[in-house]
Enquirer: 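One structure is given below, represented as structure tokens, and several questions about it will come after.
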Amino acid sequence: MSPETTGPAAVIVLAAGAGTRMKSRTPKILHEIGGLSMVGHALLAARSINPLKLALVVRHERDRVAEHVSALDPEAVIVDQDEIPGTGRAVEVALKALDAEAELTGTVVVTYGDVPLLTGELLSELVATHEAQANAVTVLTAVLDDASGYGRILRAEDGTVTGIREHKDASEAEHTILEVNSGIYAFDASVLRNALTQVTTDNAQGEMYLTDVLGLARDAGGRVAAVVTQDRWQVEGANDRIQLSALGAELNRRIVESWMRAGVTVVDPSTTWIDSTVRLDEDVRLLPNTQLHGSTTVARDAVVGPDTTLTDVNVGEGAKVTRTHGSGSRIGAGASVGPFTYLRPGTVLGETGKIGAFYETKNVTIGRGSKLSHLGYAGDAEIGEDTNIGCGNITANYDGEKKHRTVIGSGVRTGSNTVFVAPVTVGDGAYSGAGAVIRKDVPAGALAVSLAAQRNAEGWVQANRPGTVSAKLAQAAQDSLLTPASNSSQSPATTEEGK
Ligand code: UD1
Ligand code: MG
């Protein structure tokens, strides 16, 4: 639905229940699938139909739920349910709160905080049908193989919906009905307001049933109807962790499928997990065992995977990210990362740059075309363009108390196993020798070497390790140098040019 379309007067999301079967210290609706809490999904669906007002009814763990919801949707009105139990009471308190400013007129939609696969499309269809038919109440229903536990849809001979009977209040005959109440409805505001004044707790559970409103609306002369969905996942709630995981897998299947339709190659959908918040361009390729979370984006022609997990990472056009675990990072266009690379937050790799195998990076900006190809750590650092960091280089950024920065210029070449003891700065075009420990700034164009000169103790092995394989081979090598027959004229040391 486009933003300019006017939606219903309100959506009321019910979320006061305890969710005890989750067996969790975390409130049920805060459990996540597809990178977002269940209530987060419910809020997105509700918002997508542009209601004038959105209310969420809380009671169990109200502070944690309210804080979470307000962070996601600051405009949502948080309403506290009192000690009177039932979905009818939940809607009644929400309606009172929303009416406080000005009495609502038009359509009021009710949904649940624990039904995460419900889409805005299905909600709009419900509202459109409700309004087109000028109904008093329109209920979203589904036909299940096993309807046990649900409220059953009662219909007259001609198919007209006459009411809903809760499982615990139903007769033997009513238990055989397979059409169930999803708990999602569109109501006319004034019908709802009037009917709720007549709803009692006189039933098997001693609760105010919202479902009673259907019968009361009919008694008052209103038209009650149903929208039957074929897509049972959209009305399914998660009551325990088994259902949570089933809903999570189905949500992921839908997300992966929609990206494939949008032009993304997914080699193995069953091992590819993509949060609903991730954005991908056409012609991205995702290889098996790839997980993309949070605000991750992947630009055109990039290849991610196999065995890669990225959280809040932006992958540039045509980049390659192989067997990498990354978060909070940016990978430039045409750059390459991996295999076996750990990108920690604040890593920014420039275009066509490289962070190679067995590298860990954190809070480091690497300029265009610079390469950190093998085995090392770069943290709290800034590296210029077209610099080559040799194998095994380390930024020693932590002095035991504080972190310090390493600044390395452009066009720099560092020898293997160089250690940068921060804070330290290396100028443009500088070199370092293998094993250098850089404690002082290196000016542009200088070669930095820091190790003591090499000393060879001749004959040490034969003297100190007599009889070993090393000693025997060393002796043989020395003997061959001394024997004139084997010291042929091919040896460069004896040729004219070699002298
Ligand atoms: C309710 C319906 C039932 C329907 C089923 C679908 C009623 C009386 N029954 O069943 O017809 O088939 O949903 O799942 O409405 N909630 C509150 N306050 C309360 C009670 C519940 O906010 O006092 C919220 C819960 O957090 C939950 C939703 O309402 O999100 C449904 O509650 P739940 O107890 O799961 O549903 P049932 O009463 O079993
Ligand atoms: Mg209940």
Side-chain angles (χ1 to χ4, degrees), residues 11-22 27-31 37-39 41-43 45-46 55-62 64-66 69 78-95 97 109-118 137 139-144 146-154 161 163-170 174-175 177-185 187 192 195-196 199-216 224 226 228-229 232-240 243-244 247:
V11 177
I12 298 170
V13 181
L14 305 191
T20 47
R21 277 181 280 166
M22 218 56 160
K28 171 165 94 169
I29 57 173
L30 265 51
H31 281 262
S37 62
M38 288 203 274
V39 71
H41 288 288
L43 290 168
L56 185 105
V57 184
V58 295
R59 182 167 167 86
H60 177 76
E61 292 259 29
R62 70 89 56 205
R64 276 182 76 183
V65 174
V69 166
I78 308 287
V79 180
D80 286 283
Q81 188 173 349
D82 55 19
E83 62 290 338
I84 300 173
T87 48
R89 182 59 174 180
V91 170
E92 190 176 36
V93 295
L95 199 56
V109 173
V110 173
T111 67
Y112 291 170
D114 58 357
V115 178
L117 264 59
L118 177 70
V137 185
V139 56
L140 183 62
T141 71
V143 179
L144 303 183
D146 177 8
S148 163
Y150 286 93
R152 307 300 210 284
I153 303 299
L154 307 177
V161 176
I164 298 173
R165 183 86 72 230
E166 288 308 289
H167 182 93
K168 286 183 180 154
D169 301 289
E174 287 165 343
H175 278 153
I177 298 171
L178 296 178
E179 187 182 5
V180 303
N181 170 26
S182 69
I184 296 155
Y185 322 76
F187 294 97
L192 180 63
L196 282 170
V199 171
T200 67
T201 56
D202 184 16
N203 52 54
Q205 300 184 83
E207 293 181 0
M208 276 181 72
Y209 287 168
L210 180 59
T211 45
D212 286 353
V213 169
L214 276 77
L216 292 163
V224 175
V228 189
T229 179
R232 70 178 176 90
W233 287 105
Q234 288 210 49
V235 297
E236 194 123 315
N239 294 305
D240 59 27
Q243 289 171 328
L244 183 73
L247 282 164

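Counting starts at 1 for both ligands and their atoms, following the listed order. Please read all numbers here as calculations on a predicted model, not as lab measurements.
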Enquirer: Just to verify, what does H60 make a ring pair (Phe, Tyr, Trp, His ring centres under 6.0 Å) with, not counting sequence neighbours?
Expert: none
Enquirer: Please work out which of G86, G237, A15 has its closest non-hydrogen atom nearest to atom 23 (O) of ligand 1.
Expert: G86
Enquirer: Between Q81 and ligand 1, which residue portion shows a heavy-atom distance shorter than 4.0 Å: side chain, backbone, both, or neither?
Expert: side chain
Enquirer: Can you tell me how far CD1 of I153 sits from OG1 of T211, rounded to the nearest 0.5 angstrom?
Expert: 9.0 Å
Enquirer: So how far is it from R89 CZ to T87 OG1, rounded to the nearest 0.5 Å?
Expert: 12.5 Å
Enquirer: Please list, in number order, the atoms of ligand 1 under 4.0 Å from a heavy atom of D114.
Expert: 30 (O)
Enquirer: Between CG of D212 and CZ of R165, what distance do you get to the nearest 0.5 Å?
Expert: 9.0 Å
Enquirer: Mark up the atoms of ligand 1 that fall under 4.0 Å of a heavy atom belonging to S182, in ascending order.
Expert: 6 (C)
Enquirer: Which of these, D82, T87, L56, has its nearest heavy atom closest to atom 15 (O) of ligand 1?
Expert: T87
Enquirer: For ligand 1, which atoms sit closer than 4.0 Å to a heavy atom of A16?
Expert: 17 (C), 18 (N), 22 (O), 26 (O)
Enquirer: L14 versus ligand 1: do any nitrogen or oxygen atoms come within less than 3.5 Å of each other?
Expert: yes
Enquirer: Any side-chain to backbone donor/acceptor pair from H175 onto S148? Under 3.5 Å, distance only.
Expert: no
Enquirer: With a 4.0 Å heavy-atom cut-off (strictly under), which part of A90 contacts ligand 1: side chain, backbone, both or neither?
Expert: side chain
Enquirer: Test V39 against L56 for side-chain contact (heavy atoms from CB on, under 4.5 Å), laying out the working first.
Expert: CA-CA 10 Å; V39 71; L56 185 105; 3.7 Å; yes
Enquirer: Does G149 reach ligand 1 with a nitrogen or oxygen that is under 3.5 Å from one of the ligand's nitrogen or oxygen atoms?
Expert: no
Enquirer: Atoms of ligand 1 less than 4.0 Å from E166 heavy atoms?
Expert: 2 (C), 3 (C), 7 (C), 8 (C), 9 (N), 10 (O), 11 (O)
Enquirer: Please report the shortest heavy-atom distance between L30 and S37, naming the atom on each side.
Expert: O-CB, 3.7 Å
Enquirer: Side chain, backbone, both or neither: which part of V57 has a heavy atom under 4.0 Å from ligand 1?
Expert: neither
Enquirer: For ligand 1 and N239, I'd like to know whether there is a polar contact (N/O to N/O, distance under 3.5 Å).
Expert: no
Enquirer: Quick check: does Y112 get an N/O under 3.5 Å from an N/O on ligand 1?
Expert: yes
Enquirer: Drop me the distance from L144's CG to R152's CZ, to the nearest 0.5 angstrom.
Expert: 9.0 Å
Enquirer: Working to the nearest 0.5 angstrom, can you tell me the gap between Q234 CD and L118 CG?
Expert: 6.0 Å
